[in-house]
Amino acid sequence: MTCVRISHYVECGATSGESDWYFCDATSQFVRIERTSVEQSPGLEPDARALVSWIGCHTRAFGRRQEGTITYVLKYPVPLDYFNEFDAWFSYEHMPLLLEEPTWYGCDFFRALAPSTHTFAAIHYLEPGALTSKARDRSIATPWWNRLKQCPWFDKGFDRAILRRI
């Protein structure tokens, strides 16, 4: 099983180990995605240089991990009483619909290991056009999506970042 640490920085640092650096146009921040095995987990202590860090454990993969032009990272503030429903919606409806788009290559899904307002995170691998595709439109126009959207934490509470590898 793998762990991931997603950290945001003002400046890009040196790469070490299994990590990748990205740039987020929307925030002008640098983002480091560090992957390790559970045995070599990045630890729960945040990097003091990071503006924010999120640490999670890999729970499942969808599609294939093929590098796209962009990496789309979403963090979700799912309350405990919605964990199972959110996981089922994401796994059985949302991702299958997104993967109907050929340039939405895949997604890795994680659950938080440290206290955080964001209990889940997804790292998507895709081309920019996938974000405006018919498959994406279909994935956010279902009765299940619309029911969950009534919850104040859903959709508007998501933390989104479109990243480009450096």
Side-chain angles (χ1 to χ4, degrees), residues 1-13 15-37 41-44 46-47 49-78 82-83 86-87 89-91 93-99 101 103-133 135-137 139-140 145 148-149 153-166:
M1 187 174 309
T2 15
C3 291
V4 69
R5 180 194 301 253
I6 304 167
S7 303
H8 296 249
Y9 298 86
V10 173
E11 297 177 343
C12 184
T15 300
S16 63
E18 291 280 323
S19 64
D20 297 312
W21 283 92
Y22 300 85
F23 184 72
C24 179
D25 291 332
T27 63
S28 297
Q29 293 176 356
F30 294 91
V31 177
R32 180 181 181 198
I33 299 177
E34 179 183 6
R35 298 171 196 272
T36 62
S37 67
S41 106
L44 300 180
D47 180 340
R49 297 168 299 140
L51 301 170
V52 65
S53 276
W54 186 91
I55 297 171
C57 175
H58 190 263
T59 60
R60 66 179 50 94
F62 304 93
R64 59 194 190 281
R65 190 171 173 215
Q66 174 183 332
E67 194 70 31
T69 305
I70 62 173
T71 300
Y72 187 39
V73 177
L74 289 97
K75 293 182 224 153
Y76 309 97
V78 182
Y82 280 92
F83 271 27
F86 180 82
D87 185 55
W89 162 77
F90 193 89
S91 299
E93 180 180 87
H94 191 60
M95 279 311 306
L97 288 170
L98 290 175
L99 291 173
E101 166 55 44
T103 61
W104 202 297
Y105 304 125
C107 171
D108 284 317
F109 196 63
F110 301 88
R111 183 167 178 186
L113 283 177
S116 173
T117 56
H118 299 101
T119 48
F120 293 99
I123 301 176
H124 296 269
Y125 314 102
L126 59 147
E127 300 301 332
L131 291 171
T132 56
S133 67
R136 182 168 185 280
D137 290 346
S139 79
I140 58 172
W145 167 274
L148 284 172
K149 193 174 176 181
W153 56 268
F154 192 78
D155 194 28
K156 292 194 184 339
F158 297 174
D159 180 21
R160 297 171 169 90
I162 297 173
L163 309 177
R164 297 182 191 283
R165 184 184 287 278
I166 297 175

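Quick caveat, the model's predicted, so the values are computed rather than measured.
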Could you report the tightest heavy-atom contact between L163 and V73, atom names first, then the distance? CD1-CG2, 3.6 Å

In chain order, what residues pass the side chain to side chain contact (heavy atoms under 4.5 Å, CB included) check against T117, with sequence neighbours excluded? none

Atom of W104, atom of R136 and distance for their closest heavy-atom approach: CZ3-CD, 4.0 Å

Run the side chain to side chain contact (heavy atoms under 4.5 Å, CB included) check on D25 and I162 step by step: do they pass? CA-CA 8 Å; D25 291 332; I162 297 173; over 6 Å; no

Quick check: do V4 and D108 have side-chain heavy atoms less than 4.5 Å from each other? no

Rounded to the nearest 0.5 Å, what separates atom OG1 in T71 from atom NE2 in H124? 10.5 Å

Roughly how far, to the nearest 0.5 Å, is CD of Q29 from CG of L51? 5.0 Å

Taking only residues two or more places apart in sequence, or in another chain, which ones meet D87 in a salt bridge (Lys or Arg N to Asp or Glu O under 4.0 Å)? R60

From R35 atom CZ to C3 atom SG, the distance as rounded to the nearest 0.5 Å: 11.5 Å

Heavy atoms of other groups near E11 CD, more than 12 under 6.0 Å: no

According to ring-ring contact (aromatic ring centres under 6.0 Å, His included), who are the partners of F83, at least two apart in sequence or on a separate chain? F120

Nearest heavy-atom pair of P77 and F158: which atoms, and what distance? CD-CD2, 4.0 Å

Which residues share a salt bridge (Lys or Arg N to Asp or Glu O under 4.0 Å) with R160, sequence neighbours left out: D155

Under 3.5 Å, is there a donor-acceptor pair between the side chain of T59 and the main chain of F109? yes

Between S139 and L98, is there a donor-acceptor pair closer than 3.5 Å when you use the side chain of the first and the backbone of the second? no

Beyond-backbone contact of Y72 with C107, side-chain heavy atoms, under 4.5 angstrom: no

side-chain contact (heavy atoms from CB on, under 4.5 Å) partner of C12, chosen from F23, F30, Y22: F30

Taking all non-hydrogen atoms of both residues into account, name the closest pair between W21 and R32 and its distance. CZ2-CD, 3.6 Å

Closest contact, heavy atoms only, E101 versus S133: OE1-CB, 3.3 Å

Can you list the residues that meet the ring-ring contact (aromatic ring centres under 6.0 Å, His included) rule with Y82, with sequence neighbours excluded? W153

Sub-4.5 Å side-chain heavy-atom contact between T119 and R111: no

Quick one: are L126 and T103 in side-chain contact, heavy atoms under 4.5 Å? no

Using a 4.5 Å cut-off on heavy atoms from C-beta on, say whether the side chain of V31 contacts that of I6. yes

Return the CZ to OH distance between R64 and Y125, rounded to the nearest 0.5 Å. 12.5 Å

Looking at side-chain heavy atoms only, is the closest gap between R65 and Y105 below 4.5 Å? no

Residues forming a salt bridge (Lys or Arg N to Asp or Glu O under 4.0 Å) with E67, sequence neighbours excluded: R165

Any idea which heavy atoms bring F154 and L148 closest together, and the distance? CB-O, 3.1 Å

To the nearest 0.5 Å, how far apart are OG in S7 and CD1 in I55? 7.0 Å

Would you say that W89 contacts H94 through its side chain, given a criterion of any heavy-atom pair below 4.5 Å between the two side chains? yes

